[in-house]
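First comes the structure, then the notes that go with it.
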Amino acid sequence: MAFRAFYALPAENFATDTGQHTNAVHGFVSMLLTMIRQQKPTHVAVAFDLDTPTFRSLEYTEYKAGRNKTPEEFHGQIDLIRKVMEAMNIPSISMDGFEADDILATLAAKGEAAGFEVLVVSGDRDAFQMITEKTLVLYPKKGISDIPPMDGDAVEAKYFVRPEQYSDLAALVGETADNLPGVPGVGPKTAAKWINLYGGLPGILENIDNIKGKVGESLREHVDNVTRNRRLNHLLTDLELPVGFEAMVLDRPDREAVEELFDALQFNTLRKRLFDLFGDDPVEAAEEEPIPAHELLQDAAGLETWIGAHGAQLLGLHAATVTSAGATDVVGLAFASNDATAFISLEEIDEETEKALAQVLSSESHTKTVHDFKRTYKLLKNRGFELAGVHDDTMISAYLIQPDRRSHELPDIAQQHLRISLDETKAAANGQLALDLEGPDLATPAVRAAHVVRALSLHLAPMLLERGGTDLLKNLEMPLSLILAHMEMSGIAIDTARLDELYDDFTTTINRATEEAFAAIDGQEVNLSSPKQLQVVLFETLDLPKTKKIKTGFTTDAESLADLLVKTGHPFLVALMAYRDATKLRQTVEGLRKAVASDGRIHTTYAQTVAATGRLSSLNPNLQNIPVRSEEGRRIREVFVVGDGFQTLLTADYSQIEMRIMAHLSGDEGLIQAYEEGEDLHRFVGSHVFGVEPAEVTNEMRSKVKAMSYGLAYGLSSFGLSKQLKISVDEARTLMKDYFARFGAVRDYLRAVVDQARKDGYTETIFGRRRYLPELASDNRQLRDIAERAALNAPIQGSAADIIKRAMLGVEKGLADAGLKSRMLLQVHDELVLEVATGELETVEQIVREKMGAAAELSVPLDVHVGAGTSWQDAAH
DNA sequence: GTTCAACCGTT
DNA sequence: GACGTACGGTTGAACC
């Protein structure tokens, strides 16, 4: 059935983010749920084949030979199905030396004897021999949804024999899939005729000499096939099964295990179907422990009374918001303590109440917990409230516990950790409840969320402690969150006139490139942005050499186009590449243009719980991928300028921070020495790898070791290195060998990191940030390799992320302590951009150098490069 | 209107 | 046969 599901569902549509295919698992579980819903069995068991030889293959070595190899995408899915069965408390049975169908036949026979009615689900027609008055077979017609029950009459209607004679028929006809040839020339019709004439195979064999014609001859010639087939297709009904019926009683699934597994498999509709089926509705589960009814706080006195009674407790806080015309506003606040909840509307609030509320929100002594502190802080700030005393952000806690999770939204983590459904919160977030929010019951969902946040906070705290993440939460991420909120609110000033000019310039380039491209293909006009149309032009019209294969044909990516240009020199390629570059730049410019707010500045949003390594990410717009490598691209950096009332922009970046972390973590004497002496790292490494004086290291040698050094932290292979440097794999291998001969501690470290991660199940940064990598133990080689590279990289990239985050806390404190007006605006992984107030440049530079340099005590110095200028581009050069 | 595939920008 | 981390965002095309 797993195989049926595998072929019925397209593998490419069922895969997790990590690349594990799940179509067979999905289909199998889906079918099983349908069966359970339709047939309402009291007992369920699942049987599996093993890879080991069976009595059939031992007797007939050709049994099932000649089958196509199991497709790559099927790998591992059987084990996953077994895990799902375990989570559902359904026994899965397999027996060395026997096939799944033998187990089923035994179960059917024993079940009947015990008085059960039996349903066998199998994709193998041999199962028809099990059919009796009490046993039916569910046999899939096609796909996974059409699985009608077959009884004796159904078999007879289809094959013209009774089920107990089906094996005789199959023996005569043969079974290609099992490599069991039957009698040539005899199909189901002839076989059925003989069986009905002679009463079965024994009768046929008795009368074998009386059967006339070519088919009779054929039968006599191949009678050995028939007897062998009959012996092999007979299913055993007397195995000693390791599991009794009592273990097969259909039980409720192990909720925890199913949730965890379905999270990993990314099954969401199936999860709902499963829990619906078992009457295990998450909403019901939550209702077992009702949320205290909320009090509506009307005035200052009401608020103060409630806070007086409950405010000494940790308070769950949730802001009720309404979004209209793209702007989101807080319209009310919900509080939850251990045994009470309250809601206060902000819509018609008097001055006195506003003041009382402001006091509660800003008070350090009223400890609070929220989900997404940064967002809440900004929303409240907009409304004139300062939020403080927040000890936990459940979004960040959940992230530190499971940084790989795709979503850390409140409904998702509430579902996972507390089994509480917050669909209405989700719907509200998606704007689907916008109308309802106008209605009277704005409070209930907000209160529910506040209650859940508090419960989650208490639930996650011990988990985080156990994983050593409490310090990161309290002393790094929470204070950082506040800094990020301020950076986002500050935004960065934009020279919009310049931005418009750039747009026009790039448009001109695009138009010119488009004309040139069309001219190069005889005036044919295609959409140069359509890879599909480009494929036609490149590989059909122009008949250029084929590039690397991708799903939809052949790739047209930049690297391949450059390759093709070298090979063919075709002018279309030149124009196309120019078009690509210019459209990409114009699209970046257009994105920025749309993002300029009414204050003339761009306010990005930092995602603090997205990157699994601990880095930040930037969105709406992404200011961490503004072009810098090309001349044209750098022009875009010129539009990021110092704002009114400030003197200059300042950028400060760590030089080679990841290599320095590598030197520190590996303890490699050579690397450490290079950094202590302040030498050009790549020159130093090059001189050792190539055995020449530093001054004799050529640019080519330098760029080779540079690529090598950087690649190391990403798990680069000799193949990858050869490709990048356009050298032979042999040469790349020699380069790596020479590198490690001189810097062996690096290799030892990289190996040790993976070994340790395999042992622990996670990697750790210098500051204790963990990343769990269960797929290090996967038996899927590709997944395992990916996990191994992630294990190499996570401590390095993650430590760098920790360090700059610590630096940001230091810089913020330094600026505040010195009473400066200058402020941080942007973070780009190893770089900070600040806006410096008039007269503060020297002090700010000194603070930034000191704090960034002191963010970590490594065995090598942290080198910081600082620059100032009126634009981001000027500042950096 | 939504989702997927391809592509490409940064570190 | 595959082969470098971590991201966000746009476009075209296919689909509902």
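Chain identifiers are assigned alphabetically (A, B, ...) following the order of the sequence lines, protein sequences preceding nucleic acid strands; residue numbering begins at 1 within each chain. Below, all heavy atoms of this structure are taken into account, side chains as well, without hydrogens, waters or symmetry copies.
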In terms of side-chain geometry, is the basic nitrogen of [X] or [Y] positioned less than 4.0 Å from the acidic oxygen of its partner?
X	Y	result
A:R781	A:D785	yes
A:E477	A:R769	yes
A:D412	A:R406	no
A:R498	A:E638	yes

On a whole-Å scale, what distance lies between the [atom1] atoms belonging to [N] and [M]?
N	M	atom1	answer
B:dT3	C:dT5	C1'	26 Å
C:dA2	B:dA6	P	14 Å
C:dG4	B:dC8	C1'	16 Å

Contact list (N/O, under 3.5 angstrom) for nucleotides 14-16 of chain C vs protein:
unit_1	atom_1	unit_2	atom_2	d
C:dA14	OP1	A:K532	NZ	2.6

**Request:** May I ask you to list the residues of residues 557-567 of chain A, by number, that have any heavy atom positioned under 4.0 Å from an atom of DNA chain B?
**Result:** A:D557, A:A558
[X] side chain: which of [options] is closest?
X	options	answer
A:S530	C:dG12, B:dT10, B:dA6	C:dG12
A:P627	B:dG9, C:dA6, C:dG4	B:dG9
A:R789	C:dT5, C:dG8, B:dC7	C:dT5
A:K584	C:dT11, B:dC8, B:dA6	B:dC8

We want to know whether [X] and [Y] form a side-chain donor-acceptor pair, criterion being a heavy-atom distance below 3.5 angstrom.
X	Y	answer
A:D557	A:S560	yes
A:Q656	A:Y675	yes
A:T507	A:R586	yes
A:T765	A:D802	yes
A:E488	A:T604	no

**Asked** What is the distance, rounded to the nearest whole Å, between atom CD of A:Q624 and atom P of B:dT10?
**Response**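 It is 13 Å, rounded to the nearest whole Å.
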**Request:** Starting from P on C:dC7, measure out to CD on A:Q797 and report it in whole angstrom.
**Result:**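 Whole-Å distance recorded here is 8 Å.
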**Prompt:** Is A:R593 close enough and on-axis enough to A:Y503, meaning under 6.0 Å and within 45°, for cation-pi?
**Reply:**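 Cation-pi check for A:R593 and A:Y503: passes.
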**Lys NZ or Arg CZ of A:R771 over A:Y762 ring: under 6.0 Å, within 45°** =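 Judged by the rule (NZ or CZ under 6.0 Å from the ring centre, within 45° of its axis), A:R771 is not positioned above A:Y762.
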**Prompt:** A:R635: what forms a salt bridge (Lys or Arg N to Asp or Glu O under 4.0 Å) with it, not counting sequence neighbours?
**Reply:** A:D505, A:E632
**Asked** Got a minute to check which stems DNA chain C is part of, using Watson-Crick or G-U wobble pairs under 3.5 Å, three or more consecutive?
**Response** B:1-10 with C:6-15
**Request:** Classify the side chain of A:N625 and the base of B:dG9 as holding, or not holding, a donor-acceptor pair under 3.5 Å.
**Result:** yes
**Message:** Suppose we call a contact any N or O donor and acceptor under 3.5 Å apart; does that hold for the side chain of A:Q587 and the base of C:dT10?
**Reply:**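 It does not, because no donor-acceptor pair links the side chain of A:Q587 to the base of C:dT10 below 3.5 Å.
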**Message:** Between A:H664 and A:Y749, is the ring centroid distance below 6.0 Å?
**Reply:**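 No; A:Y749 has its ring centre 6.0 Å or more from that of A:H664.
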With respect to the phosphate group of [N], does any side-chain polar atom (N or O) of [X] fall under 4.0 Å of OP1 or OP2?
X	N	result
A:R771	C:dA6	yes
A:N527	C:dG12	yes
A:T588	C:dG9	no

**Request:** Could you list all the salt bridge (charged side-chain N to carboxylate O under 4.0 Å, His left out) pairs where at least one residue sits in residues 601-618 of chain A, not counting sequence neighbours?
**Result:**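 As it turns out, the salt bridge (charged side-chain N to carboxylate O under 4.0 Å, His left out) pairs with a partner in residues 601-618 of chain A, which skip direct neighbours, are A:R601-A:E835, A:R615-A:E658.
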**DNA chain C contacts made by residues 611-619 of chain A, counting heavy atoms under 4.0 Å** =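 Heavy-atom cutoff 4.0 Å gives A:A611, A:A612, A:T613, A:R615, A:S617, A:S618, A:L619.
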